[in-house]
Amino acid sequence: MLVLYNGELLPADTVRLPLPNRGLYFNDGFFETLVWEPAGLRYLPYHVARMQRAATALSLELPATLASAAALTATVQQLIGTAPEPVQRLRLQLWRSGGGLYAPATTQPDWLLTTQPFAAVETPVLQCDFATTVRTHSSSVSFCKGPNALLYVLAAQERQRRRLDEVILLSHEGYVAETVAAALGWIRQKTIYAPTEAAGGVAGTRLAHLRTTAAALGLLWREGLYEPDELLRAEAVFTANVAGVRAVQQIGTVEFHSATHPLLRRLCLAEATTPGG
């Protein structure tokens, strides 16, 4: 297995990360999860926009090889050319170079790109409930992936303990935010709803692409701060990330017919043919 480490193609078992490492010491960085298919990177504009925003928030300078859609595609192709399967799931991890204590000495990052075969996850979420041990917190970096990773580790542990397919995270104020590894949306009275970033969730690239699709279809889309009761009044509920869109069939004791909801099915079918998907 090969990886790209700071632009150099290397066998994975030969990579040695020098110490001090600010990613290890302070979680000083972020990551992106991407999907490559023969047509290119899925949701590319949304990933690039989130990366650029994350770099700005953390005062990091994106390397030229990652800083634009064209550059990121060319960089990924170096690694994809070594992969046996045509569709690949990639993880791009960036962390600040150098050492120091909390105050960094540089804006330059190191980075690592790894790949594995992609597996779509589109099966319905049969058993879901609200998390009771973890809350999201809105901050200047809560929109990107990485700075709050421990939060999702804790939420995933709760999901395991309760033997659920998924848990829904609420904000510190009690508003619906997201699930463990996916954005959340729902449908009511021909309108699609989703939590705003102010609830503390990650800015989902798949959800952003779904919103673009909804606009092309002329569907109403509303983002805001919503309490759990508003979610429970939905006709259909779904999660969305790079692995797939999943219909949620039950939250607590409340059942939904999400998998057969005509508007959700229409949205998903249209998204499959929308540029960027």
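All values below come from the heavy atoms of this structure, side chains included, with hydrogens, waters and symmetry mates left out.
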Notebook entry, point to check: Closest approach of H47 and T33, non-hydrogen atoms and distance?
Noted result: CE1-O, 3.0 Å
Check: Under the 3.5 angstrom rule, does the side chain of E235 hit a backbone N or O of Q189 as a donor-acceptor pair?
Finding: yes
Item checked: Qualifying residue, where the test is side chain to side chain contact (heavy atoms under 4.5 Å, CB included) with L164 and the options are I251, V180, D129 -> D129
Next item on the list: Find the distance between CG (L169) and NE2 (H137) and round it off to the nearest 0.5 Å.
Entry: 10.0 Å
Margin query: Measuring only between side-chain heavy atoms, which start at C-beta, is T196 closer than 4.5 Å to L225?
Written below: yes
Margin query: Assess whether a salt bridge exists between E32 and R91, defined as any Lys/Arg side-chain N lying under 4.0 Å from an Asp/Glu carboxylate O.
Written below: no
Item checked: Joint cluster assignment, L94 & L41, ILVMFWY side-chain distance < 4.5 Å -> yes
Notebook entry, point to check: In terms of side-chain heavy atoms, does E178 have a donor or acceptor partner in Y152 at a distance below 3.5 Å?
Noted result: yes
Margin query: Under 4.5 Å between side-chain heavy atoms, counting indirect links through other Ile/Leu/Val/Met/Phe/Trp/Tyr residues: same cluster for Y5 and V76 or not?
Written below: no
Next item on the list: Look at atom CZ of R162 and say whether more than 12 heavy atoms of other residues, nucleotides or ligands are closer to it than 6.0 Å.
Entry: yes
Item checked: Spatial distance of atom CD (Q157) from atom CZ (R159) [nearest 0.5 Å] -> 10.5 Å
Item checked: Sub-4.5 Å side-chain heavy-atom contact between L9 and L2 -> yes
Item checked: Shortest non-hydrogen separation from A12 to V3 and the atoms involved -> CB-CG1, 3.8 Å
Checklist line | Main-chain N/O of L58 paired with R96 side-chain donor or acceptor, under 3.5 Å | finding: yes
Check: CG of L231 to CD1 of I168: how many Å apart, nearest 0.5 Å?
Finding: 5.0 Å
Note to self: According to a hydrophobic-cluster definition based on side-chain heavy atoms being under 4.5 Å apart (Ile, Leu, Val, Met, Phe, Trp, Tyr only), do I192 and V176 belong together?
What the structure shows: no
Next item on the list: Please check if F30 and L112 belong to a single hydrophobic cluster, counting links between Ile, Leu, Val, Met, Phe, Trp and Tyr side chain heavy atoms closer than 4.5 Å.
Entry: no
Next item on the list: State whether the side chain of S258 and the backbone N or O of V237 hold a donor-acceptor pair below 3.5 Å, judged by distance alone.
Entry: yes
Note to self: Using only atom types and a distance under 3.5 Å, with no angle test, would you say the side chain of N27 pairs donor to acceptor with the backbone of G146?
What the structure shows: yes
Check: Hey, what do you get for CG (L62) to CE (M51), rounding to the nearest 0.5 Å?
Finding: 5.0 Å
Notebook entry, point to check: When you look at CZ of R163, are more than 12 heavy atoms from neighbouring residues, nucleotides or ligands closer to it than 6.0 Å?
Noted result: no
Note to self: When you compare the side chain of F118 with that of E85, does any pair of heavy atoms fall below 4.5 Å?
What the structure shows: no
Notebook entry, point to check: How far apart are the C-alpha atoms of V248 and W186, what are their side-chain angles, what is the distance that settles it, and do they pass the side chain to side chain contact (heavy atoms under 4.5 Å, CB included) test?
Noted result: CA-CA 9 Å; V248 177; W186 61 94; over 6 Å; no
Note to self: Are the side chains of H261 and F256 in contact, using a 4.5 Å heavy-atom criterion?
What the structure shows: no
Notebook entry, point to check: Are V167 and F130 close enough that some pair of their side-chain heavy atoms sits under 4.5 Å apart?
Noted result: no
Notebook entry, point to check: Should T75 and L92 count as side-chain neighbours, where that means a heavy-atom distance under 4.5 Å?
Noted result: no
Margin query: Using modelled atom types and a 3.5 Å cut-off, is there a donor and acceptor pairing between side-chain atoms of R135 and backbone atoms of T132?
Written below: no
Checklist line | Beyond-backbone contact of W36 with L79, side-chain heavy atoms, under 4.5 angstrom | finding: no
Check: Hey, is the main chain of L10 close enough, under 3.5 Å, to the side chain of T14 for a donor-acceptor pair?
Finding: no
Check: Looking only at side chains, do Q108 and S97 share a donor and an acceptor under 3.5 Å apart?
Finding: no
Next item on the list: Would you tell me whether R206 and Y43 have side-chain atoms, one donor and one acceptor, within less than 3.5 Å of each other?
Entry: yes
Check: Should the pair E122-R246 be classified as a salt bridge under the 4.0 Å nitrogen-to-oxygen rule?
Finding: no
Next item on the list: Output, in order, the C-alpha distance, side-chain angles, deciding distance and verdict of salt bridge (charged side-chain N to carboxylate O under 4.0 Å, His left out) for R188 and E230.
Entry: CA-CA 10 Å; R188 185 168 179 261; E230 296 179 74; over 6 Å; no
Margin query: Would the distance check show the side chain of N21 and the main-chain N or O of L24 forming a donor-acceptor pair, the cut-off being under 3.5 Å?
Written below: yes
Check: Can you find a heavy atom in the side chain of Y193 that is under 4.5 Å from one in the side chain of I187?
Finding: no
Next item on the list: Assess the side chains of T133 and E158: does a donor N or O sit below 3.5 Å from an acceptor N or O?
Entry: yes
Item checked: Joint hydrophobic cluster, L113 plus L44, side-chain heavy atoms closer than 4.5 Å -> yes
Checklist line | Over 12 non-hydrogen atoms of neighbours within 6.0 angstrom of NE2 in H172 | finding: no
Item checked: For the student: nearest non-hydrogen atoms of V48 and A67, plus distance -> CG1-O, 4.3 Å
Notebook entry, point to check: Got a second to check how far E61's CD is from T107's OG1, nearest 0.5 Å?
Noted result: 3.5 Å
Next item on the list: Determine, step by step, whether L90 and I80 satisfy the side chain to side chain contact (heavy atoms under 4.5 Å, CB included) criterion, reporting the C-alpha distance in whole Å, the side-chain angles of both residues, the deciding distance to 0.1 Å, and the verdict.
Entry: CA-CA 9 Å; L90 302 114; I80 289 298; 4.1 Å; yes
Check: Taking Q78 for the side chain and L4 for the main chain, is one N or O donor matched with an acceptor at less than 3.5 Å?
Finding: no
Note to self: Minimum heavy-atom separation for A198 and S138, please, with both atom names.
What the structure shows: O-CB, 3.4 Å
Notebook entry, point to check: For G244, does its backbone N or O pair with a side-chain atom of N241 as donor and acceptor, under 3.5 Å?
Noted result: yes
Checklist line | Flag, side chain of R22 to backbone of L101, donor-acceptor distance under 3.5 Å | finding: yes
Check: Minimum heavy-atom separation for R266 to L217, with atom names?
Finding: NH2-O, 3.7 Å
Next item on the list: Report the C-alpha separation of W95 and D28 in whole Å, then their side-chain angles, then the decisive distance to 0.1 Å, and conclude whether the side chain to side chain contact (heavy atoms under 4.5 Å, CB included) test is met.
Entry: CA-CA 6 Å; W95 63 95; D28 187 3; 5.9 Å; no
Notebook entry, point to check: For the atom pair CD (E227) and CZ (R233), what is the distance rounded to the nearest 0.5 Å?
Noted result: 9.0 Å
Note to self: Under a plain distance cut-off of 3.5 Å, with no hydrogens placed, do T212 and Y46 share a side-chain donor-acceptor pair?
What the structure shows: yes
Notebook entry, point to check: Any idea which heavy atoms bring A199 and S171 closest together, and the distance?
Noted result: O-CB, 3.2 Å
Item checked: Aromatic contact, Y175 with Y226 (centres under 6.0 Å) -> no
Next item on the list: Could you walk me through whether W221 and L210 pass side chain to side chain contact (heavy atoms under 4.5 Å, CB included), step by step?
Entry: CA-CA 10 Å; W221 186 288; L210 285 168; 4.1 Å; yes
